[in-house]
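Below: one structure, written as structure tokens.
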Amino acid sequence: MNNISLPDLNKARFRSAGYKAEIIRNALDLNDVQRNLGSGLNYHVITYGCQANVRDGEVISGILEEMGYAHTELLEEADIIILNTCAIRENAEKRVIGEIGFLQNYKRIKPSLILGLCGCMAQEDVIVKQIMEMFPSVQLIFGTHNIFELPKLIENILVNNEKSVKVYSRQGNIYEGLPSVRTSPFKASINIMDGCDKFCTYCIVPYTRGQQRSRLREDVLSEARQLVSAGYKEIMLLGQNVNAYGKDLSSDNGDFARLLAEVAETGIPRIRFMTSHPWDFTDEMVDAIAKYDNIMPFVHLPLQSGSNSVLKRMGRRYTNDEYIALFDKLKSKVNELAVSTDIIVGFPDETDEDFEDTLKIVEYCKYDNAYSFIFSPRPGTPAAKMTDSIPMEVKKERLQRLNGRLAYYSKMNNLKWEGRTVEVLIDGPSKNNPTVYSGYTPQSKLINFTLKEGQIGDIINVKVTEGRKNSLNGEQE
Ligand code: 5AD
Ligand code: SF4
């Protein structure tokens with residue numbers, strides 16, 4: 001095989017009119033050699049970034065296990081270590097480069113160790129070249145479009161003793177039937193779509209993950225039904241922009257509102273979804289969330305900025321008034337809805353007034369939870385080329401001020417739950433204290449509680465005793 005094929009971020013920008021993603025079924029076709037390549041060997045996958053990456057990590061693990069590899073938690077026992085990376089901000093990338101440097105030690109001790117890199121960073125031409133120069137010992141690089149080729153790539157390394165670097169900058173296809181090792185026996189993610197066509201000017205995702213491709217509703221539903229029969233309690237429907245689900249398919253397939261309703265009808269106790277874009281959020285979707293008790297009353301609704309001029313330059317396609325109108329509609333129709341958000345401060349040339357507009361929306365929406373970031377220029381995106389006169393110290397001050405307000409509202413929302421009883425899906429013993437268990441409420445609030453009876457994966461009633469900044473405390477009723 002031609003074993004080196006590098007990404008091209010410029011090509012990844014390209015969307016051809018009328019392009020139709022192909023559905024490739026039984027995408028993993030292993031030969032006898034590949035099926036045994038990993039026998040007696042161990043793998044370890046390190047995943048960074050969003051839920052889509054976590055799901056990819058589960059698929060990568062599934063493929064490795066089909067090849068005979070066994071999972072190990074210990075890096076020193078691993079024969080292959082794969083870094084499943086994120087490119088969303090520069091600091092995410094810096095962490096990965098640091099980690100590759102650290103993993104060199106393991107490679108020195110065990111020269112047969114395969115170090116692999118995949119995920120969104122692998123789609124970036126400059127980064128891949130840099131990593132190949134800095135770390136010649138990285139033998140395996142593959143992208144977000146060719147996870148299914150992993151067996152062939154590993155075979156090339158083990159049998160021919162050659163590097164395998166294969167990254168496509170395609171618009172992308174849909175791969176059905178890939179194996180996966182799910183990280184939880186009661187909470188599962190289902191990818192309902194991949195890629196993104198929104199091209200917000202700051203964002204690298206449309207380049208790293210290709211054109212929006214929705215899976216057929218029937219494929220999503222059959223995965224959901226399998227999870228229900230396997231005893232799963234919670235399904236997270238995943239996509240970069242779930243509200244645009246189905247827009248790239250024929251209208252018979254239906255949109256996200258229909259998909260939500262039909263997944264709800266499978267009887268799974270809890271449904272969540274991530275991430276929403278305000279632009280594509282229809283009334284029917286709001287109504288579906290309001291109608292079904294098993295669709296959890298929680299929406300992650302990224303604001304990004306409260307300033308119309310910044311929103312425009314971000315290419316977000318809504319105004320602050322339109323955002324508020326949607327927020328109000330959701331809050332009035334969905335009982336006890338919690339809303340979280342993402343906010344970027346310090347977008348190029350963001351003025352004090354722009355920032356104040358963002359704070360105004362924060363004061364209005366009083367978010368339950370929020371993720372805030374300083375703008376990070378991503379090479380190849382339009383915003384990275386915009387002039388920016390705002391010093392980093394100003395951006396940092398803004399972030400601090402914003403975080404102060406976000407923390408205030410997060411705590412205020414949590415205090416409101418004190419004395420009330422909430423349903424909690426038990427995740428397991430809490431990290432810091434094994435006599436205390438933790439889980440999430442319907443509103444997606446982390447709660448730590450004392451357990452009288454029940455086990456991991458059960459949904460139980462918990463009385464909230466304390467609302468804290470980022471979590472709740474409680475006792476089982
Ligand atoms: N700089 C800072 N934050 C970013 N995000 C996306 N791209 C960038 C960037 N270039 C944030 C957005 C998005 C979240 C996942 O990450 O807020 O919603
Ligand atoms: Fe990171 Fe975005 Fe890629 Fe997810 S899709 S891993 S957030 S760059």
Side-chain angles (χ1 to χ4, degrees), residues 7 9 12 45-60 83-96 117-124 127 143-145 147 167 172 189 191 193-213 238-243 274-279 299-306 310-311 313-316 318 323 340-348 350 358 361-362 367 369-386 388 390 392 395-396 398-399 402 406:
L9 220 53
V45 179
I46 305 173
T47 293
Y48 300 84
C50 65
Q51 297 291 324
N53 249 26
V54 173
R55 182 70 191 125
D56 283 352
E58 293 181 341
V59 171
I60 291 164
L83 288 159
N84 182 20
T85 64
C86 171
I88 200 95
R89 283 171 292 275
E90 195 186 0
N91 53 10
E93 294 186 343
K94 281 194 175 144
R95 269 176 65 202
V96 169
L117 181 95
C118 66
C120 287
M121 276 171 77
Q123 294 294 139
E124 295 183 288
I127 294 279
T144 57
H145 298 304
I147 293 175
V167 185
S189 302
N191 246 348
M193 64 208 295
D194 212 337
C196 180
D197 289 341
K198 283 287 180 286
F199 286 100
C200 299
T201 57
Y202 51 80
C203 189
I204 191 86
V205 175
Y207 308 85
T208 60
R209 287 193 167 266
Q211 180 153 337
Q212 173 175 318
R213 291 100 70 199
L238 281 183
Q240 299 304 333
N241 171 11
V242 288
N243 309 72
M274 182 85 99
T275 292
S276 292
H277 191 303
W279 165 253
V299 176
H300 182 64
L301 195 66
L303 169 69
Q304 311 302 3
S305 168
V310 174
L311 284 170
R313 287 187 298 117
M314 286 178 162
R316 290 293 288 174
Y318 53 82
Y323 181 94
S340 68
T341 201
D342 291 338
I343 295 174
I344 298 177
V345 300
F347 190 74
E350 179 192 60
T358 297
I361 305 249
V362 168
Y367 293 107
N369 193 13
Y371 303 89
S372 52
F373 315 99
I374 291 183
F375 168 72
S376 168
R378 303 288 60 220
T381 62
K385 294 184 204 95
M386 293 178 186
D388 189 5
I390 313 298
M392 188 46 86
K395 297 188 183 201
K396 285 187 178 157
R398 285 180 189 163
L399 185 69
L402 173 67
L406 294 173

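We count ligands from 1, going down the list as the structure has it; atoms in each ligand are counted the same way. In this chain, numbering begins with 1 at the start of the sequence shown.
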Ligand 1 atoms nearer than 4.0 angstrom to some heavy atom of Q304 are 12 (C), 13 (C), 17 (O), 18 (O)

Does E350 pair with R313 as a salt bridge, N-O distance under 4.0 Å? no

Considering only non-hydrogen protein atoms, determine which one is nearest to atom 1 (N) of ligand 1 and report residue, atom name and distance to 0.1 Å. S376 N, 2.9 Å

Can you tell me how far CG of L399 sits from CD1 of I344, rounded to the nearest 0.5 angstrom? 11.5 Å

Can you name the atoms of ligand 1, numbered from 1 with element, that are less than 4.0 Å from a heavy atom of F375? 1 (N), 2 (C)

Quick one: nearest non-hydrogen protein atom to atom 5 (N) of ligand 1, plus distance? R89 NH1, 3.5 Å

Nearest protein heavy-atom contact for atom 14 (C) of ligand 1: which residue, which atom, what distance? D342 OD2, 3.5 Å

Six-ring centre of Y48, R95 cation under 6.0 angstrom, axis tolerance 45°: no

Among P377, S376, P379, find the residue that satisfies the side chain to side chain contact (heavy atoms under 4.5 Å, CB included) test when tested with E90. S376

Supply the atom-to-atom distance N241 CG to W279 CH2, rounded to the nearest 0.5 angstrom. 11.5 Å

Distance under 4.0 Å to a non-hydrogen atom of I344: what atoms of ligand 1 satisfy this? 3 (N), 4 (C), 5 (N), 12 (C), 17 (O)

Aromatic rings Y318 and Y323: how do their planes relate, parallel, tilted or perpendicular, breaks at 30° and 60°? tilted

Could you state the interatomic distance from OG1 (T341) to NE2 (H300), rounded to the nearest 0.5 Å? 6.0 Å

Neighbour list for ligand 2 [protein residues, heavy atom under 4.0 Å]: C50, N53, C86, A87, I88, C120, V205, R209, Q240

Please state which part of Y202 comes within less than 4.0 Å of ligand 1, counting heavy atoms only: side chain, backbone, both or neither. both

Cut-off 3.5 Å, side chains only: do R209 and N53 have a donor facing an acceptor? yes

For M121, the option from I88, I127, I204, T208 that meets side chain to side chain contact (heavy atoms under 4.5 Å, CB included): I127

When you measure from the heavy atoms of I374 to every atom of ligand 1, does any distance fall below 4.0 Å? yes

At less than 4.0 angstrom from any non-hydrogen atom of R378, what atoms of ligand 1 do you find? 10 (N)

Assess whether atom NZ of K396 is packed by more than 12 heavy atoms of other residues, nucleotides or ligands within 6.0 Å. no

